[in-house]
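Start at 1 and go down the list; that is how both ligands and their atoms are numbered. We count residues from 1, following the sequence as given.
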Amino acid sequence: MEITAIYPGTFDPVTNGHIDIIARAARLYSKVIVAVAVSSNKVPLFDVEQRVKLLEEVTVKFDNVTIIGFDNLLVDCAKQYNVNVILRGLRAISDFEYEFQLAGMNRRLSPDLETVFLTPAEQYEFISSSMIKEIARLDGDVSSFVPKVVQEHLIEKFNRG
Ligand code: ADP
């Protein structure tokens with residue numbers, strides 16, 4: 001049986017931590033759909049088209065990875081793409097409570113869909129998109145946390161090109 005996965009998130013912007021998870025997933029599953037959430041609680045820095053485009057650029061080397069934008073309920077999106085697994089990344093303990101609740105809720109909504117958690121390599125454990133944006137906004141160096149193209153977009157956004 002072919003097992004396929006959907007990896008949802010805001011990816012505002014994609015970081016080396018996300019890419020580490022995508023690389024691991026690409027080795028595990030026959031197909032990985034990275035699903036960029038249009039609507040998020042926070043107003044994103046990059047619009048969904050930009051976030052999708054950046055993800056496409058930094059994942060070209062994985063031929064079983066596809067990037068999509070989505071604006072509906074995750075379990076419905078997963079059904080639409082016929083995937084078996086919802087994939088989430090787990091960093092420190094702090095992610096656990098929210099992720100546990102989300103997985104439980106998604107199971108209630110769609111009992112056959114399994115949530116699987118992957119942990120990143122140690123050097124990516126502390127990276128979060130929100131921190132990256134804050135550092136970039138204050139003109140800090142984010143080159144070791146995000147791909148070059150993302151760094152360039154951040155510099156452009158904060159008008160320090
Ligand atoms: P969301 O708003 O859905 O949490 P994010 O883009 O922040 O979207 O994260 C998407 C997924 O990737 C989440 O499961 C999150 O825990 C995970 N993630 C984010 N940063 C990292 C990282 N540095 N290492 C591993 N997983 C991460």
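Heavy-atom separations between Glu99 and ligand 1 include at least one value shorter than 4.0 Å. Taking a 4.0 Å cut-off on heavy atoms, Ala37 fails to register as neighbouring ligand 1.
Heavy atoms of Thr10 found under 4.0 angstrom from ligand 1 belong to the backbone as well as the side chain. Proximity of Ile21 to ligand 1, defined as any heavy-atom pair under 4.0 Å, is confined to the side chain (atoms from C-beta onward). Contacts between Arg91 and ligand 1 below 4.0 angstrom, taking non-hydrogen atoms only, involve the side chain exclusively.
Annotation: Arg88 places an N or O atom under 3.5 Å from an N or O atom of ligand 1; distance criterion only. Checked by distance only, ligand 1 and His18 come closer than 3.5 Å through their nitrogen or oxygen atoms. Looking at ligand 1, you'll find an N or O of Ile127 within less than 3.5 Å of one of its N or O atoms. For a threshold of 3.5 Å applied to N or O pairs, the pair formed by Tyr124 and ligand 1 contains at least one separation below that value.
Put simply, the side chain of Val36 does not reach to within 4.5 Å of the side chain of Ile68, judged on heavy atoms. At a threshold of 4.5 Å between non-hydrogen side-chain atoms, the residues Phe11 and Leu55 count as touching.
Considering Phe96, Tyr7, Phe145 only, the shortest heavy-atom separation from atom 17 (C) of ligand 1 involves Tyr7. Ranked by closest heavy atom to atom 6 (O) of ligand 1, the top entry among Tyr98, Phe11, Phe117 is Phe11.
Interface atoms of ligand 1 facing Asp95, defined by a heavy-atom separation under 4.0 Å, are 16 (O).
The two atoms that bring Pro147 and Ile19 nearest to each other are CG-CD1, 3.4 Å, heavy atoms only. The shortest non-hydrogen separation linking Ile21 to Gly89 is CD1-CA, 4.1 Å. Across all non-hydrogen atoms, the minimal contact from Phe117 to Ala103 is CZ-CB, 4.1 Å.
Between Arg91 and Glu125, none of the side-chain N atoms (NZ, or NE/NH1/NH2) sits under 4.0 Å from a carboxylate O, so this pair counts as no salt bridge. Between Arg51 and Asp47, none of the side-chain N atoms (NZ, or NE/NH1/NH2) sits under 4.0 Å from a carboxylate O, so this pair counts as no salt bridge.
Asp12 and Ser129 form no side-chain donor-acceptor contact under 3.5 Å, judged by distance and modelled atom types alone.
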